[in-house]
2 protein chains.
Amino acid sequence: MKLTSKGRYAVMALADLANFNSVNPVSLRDISLRQGISLDFLEQIFSKLKRHNIVKSIRGTNGGYILNKDPVQIKLANILNAVDEEVKTVQCKKDSKKGCNNKTSKCITHNLWDELEMHINYFFEQKNLKDLITNTSEGRN
Amino acid sequence: MKLTSKGRYAVMALADLANFNSVNPVSLRDISLRQGISLDFLEQIFSKLKRHNIVKSIRGTNGGYILNKDPVQIKLANILNAVDEEVKTVQCKKDSKKGCNNKTSKCITHNLWDELEMHINYFFEQKNLKDLITNTSEGRN
DNA sequence: TGAATACTTGACTAAATTACTCAGGTATAT
DNA sequence: ATATACCTGAGTAATTTAGTCAAGTATTCA
């Protein structure tokens, strides 16, 4: 059970962006250098973030990205969803061949994994970008 | 962010075992047939479960496995830990080359991922095998 | 206008992980 | 004896991840 780099990087990059949130856009190059993330990979990630209206892009010299909303309004769930980082615990979803769909009986642990998914998603729904940059780490379950 | 089959199968198999918990041991062959999990794979999994004292084995004809403790005392955390299904959200742990260890500054999102890990582990600590077989699904966060 | 900067897009690939299979073996009951 | 079922380690195909590479387009500034 682990988080992928794409999801982690997306959150790291946006936290960085929120930190340096000024009038000027922040270039991916800067984020790349500060966070140690490959520029090419960042471009992939931000293309998705843009498509989901989480960031806005400004082209040309001195261009870069800026947040499209107030950090408080950007939930981790939004970010992770944008980069296709889904929480998946079961195989037996609608379109899947595996799992309890192709059997007559529902698998024993089905409800359990659903609960787990909800439990994790709850966490991502609670946290927003603002929580990250004011890092007093007062997060509670 | 997803659970591996090994972890899922381990829990499914043990739930099955708990369900058919009688005087007689349950063979992997039976579990394999009922749950649709490859026998060879089950053997790998149960070898680990045995090493962690979650099940006991009985060899020979009519042999099989039985639970080593009361289902209430077997937490999901124990099971997943036994099959090496760890919850990993950050790269920057002690022995890792990647992440914020090899940098001077601590990465911005470090605390966040730690919180997430705790959040998920909390779930696995709360649930036990008994919860699964009395499937009234009354789990709350 | 032209050069530099920085976003944009899609295809491709190496490495790692996962989810097994395979091929032997050993212990026990009947 | 023989069948059952546990036991163990090595190997491997498929999938996923984590990027790289290449070729653009838009904008600013000198």
Side-chain angles (χ1 to χ4, degrees), chain A residues 1-13 17 20 23-33 35-52 54-66 68 80 83-86 88-89 91 96-99, chain B residues 1-13 17 20 23-33 35-52 54-66 68 80 83-86 88-89 91 96-99:
Chain A
M1 169 134 257
K2 69 176 185 208
L3 206 66
T4 66
S5 286
K6 193 175 271 184
R8 262 188 306 115
Y9 287 171
V11 176
M12 283 171 69
L17 188 51
F20 289 79
V23 207
N24 307 314
V26 180
S27 72
L28 291 190
R29 193 166 168 280
D30 286 354
I31 297 179
S32 166
L33 290 173
Q35 303 299 328
I37 305 168
S38 137
L39 179 58
D40 283 311
F41 203 18
L42 274 179
E43 276 168 352
Q44 275 188 36
I45 291 167
F46 272 77
S47 135
K48 296 187 176 204
L49 292 175
K50 190 192 170 187
R51 225 174 300 150
H52 282 74
I54 292 170
V55 294
K56 257 190 298 202
S57 67
I58 290 155
R59 288 185 151 203
T61 313
N62 298 326
Y65 287 93
I66 52 174
N68 208 11
L80 296 173
V83 296
D84 309 314
E85 171 88 39
E86 281 177 272
K88 267 186 201 161
T89 54
Q91 230 82 19
S96 173
K97 260 113 196 160
K98 288 201 162 187
Chain B
M1 170 133 257
K2 68 178 185 210
L3 207 64
T4 65
S5 286
K6 191 175 274 185
R8 260 187 307 114
Y9 287 169
V11 176
M12 283 172 68
L17 188 50
F20 289 79
V23 207
N24 307 314
V26 179
S27 73
L28 292 191
R29 191 167 170 280
D30 286 354
I31 297 179
S32 167
L33 289 173
Q35 303 300 328
I37 305 169
S38 137
L39 178 60
D40 283 311
F41 203 17
L42 274 179
E43 277 169 352
Q44 275 187 33
I45 291 167
F46 272 77
S47 134
K48 296 187 178 205
L49 292 175
K50 191 192 169 187
R51 225 175 300 151
H52 281 74
I54 291 170
V55 294
K56 257 191 297 203
S57 68
I58 290 154
R59 286 184 152 202
T61 313
N62 298 327
Y65 287 93
I66 52 173
N68 208 12
L80 296 173
V83 296
D84 310 314
E85 172 87 40
E86 282 177 272
K88 267 187 199 161
T89 54
Q91 230 80 19
S96 172
K97 260 111 194 163
K98 287 201 163 187

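Computed from a predicted model, the values in this text were never measured in an experiment.
- Among dC6(D), dC7(C), dC20(C), the nucleotide with an atom closest to any side-chain atom of Tyr9(B) is dC20(C).
- Ranked by how close their nearest DNA chain C nucleotide is to the 5' end, Gly63(A) and Met1(A) are led by Gly63(A).
- Checking the phosphate oxygens (OP1, OP2) of dT18(C), no side-chain nitrogen or oxygen of Lys6(B) falls inside 4.0 Å.
- Distance, Lys48(A) NZ to dT9(C) C1': 13 Å, rounded to whole Å.
- Residue contacts for Ser47(B): at a heavy-atom cut-off of 4.0 Å it reaches no nucleic acid atom on any strand shown.
- Using modelled atom types and a 3.5 Å distance limit, the side chains of Arg8(B) and Ser5(B) yield a donor-acceptor pair.
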Reading 5' to 3' through nucleotides 20-30 of chain D, protein heavy-atom contacts under 4.0 Å coded B for base, S for sugar-phosphate only, - for none: BB---BBBBS-
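- When heavy atoms are screened at a 4.0 angstrom cut-off, Phe46(A) is found touching no nucleic acid atom at all.
- Taking for each of Arg51(B) and Arg29(B) the nucleotide of DNA chain D with the nearest heavy atom, the 5'-most of the two is the partner of Arg29(B).
- A distance-only check finds no donor-acceptor pair linking the side chain of Ser32(B) to the backbone of Ser38(B) [under 3.5 Å].
- Here the straight-line distance linking atom CD1 of Ile58(A) with atom CD1 of Ile66(A) works out to 4.0 Å at 0.5 Å rounding.
- The CG-C1' distance, from Leu42(B) to dC6(D), rounds to 12 Å in whole Å.
- Atom CG of Leu49(A) and atom C1' of dT8(C) are 14 Å apart (whole Å).
- Taking 4.5 Å as the limit, some side-chain heavy atom of Val26(B) sits within range of a side-chain heavy atom of Ile31(B).
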Kindly list each side-chain donor-acceptor pair under 3.5 angstrom involving residues 43-50 of chain A, sequence neighbours excluded, with atom names and distances?
residue	atom	partner	partner atom	Å
Ser47(A)	OG	Arg51(A)	NH2	2.8
Lys48(A)	NZ	Asp84(A)	OD2	2.4
Lys50(A)	NZ	Ser57(A)	OG	3.2

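- In this structure, CG of Leu33(B) is placed 13 Å from P of dT4(D), rounded to the nearest angstrom.
- The nearest whole Å value for the distance from the CG atom in Asn24(B) to the C1' atom in dT4(D) is 15 Å.
- Counting to the nearest Å, the P atom of dT21(C) and the CD1 atom of Ile45(B) are 11 Å from each other.
- Here the C1' atom of nucleotide dC6(D) and the CG atom of Asp30(B) are 14 Å apart, to the nearest Å.
- Between the P atom of dT17(D) and the CZ atom of Arg8(A) lies a distance of 13 Å, rounded to the nearest Å.
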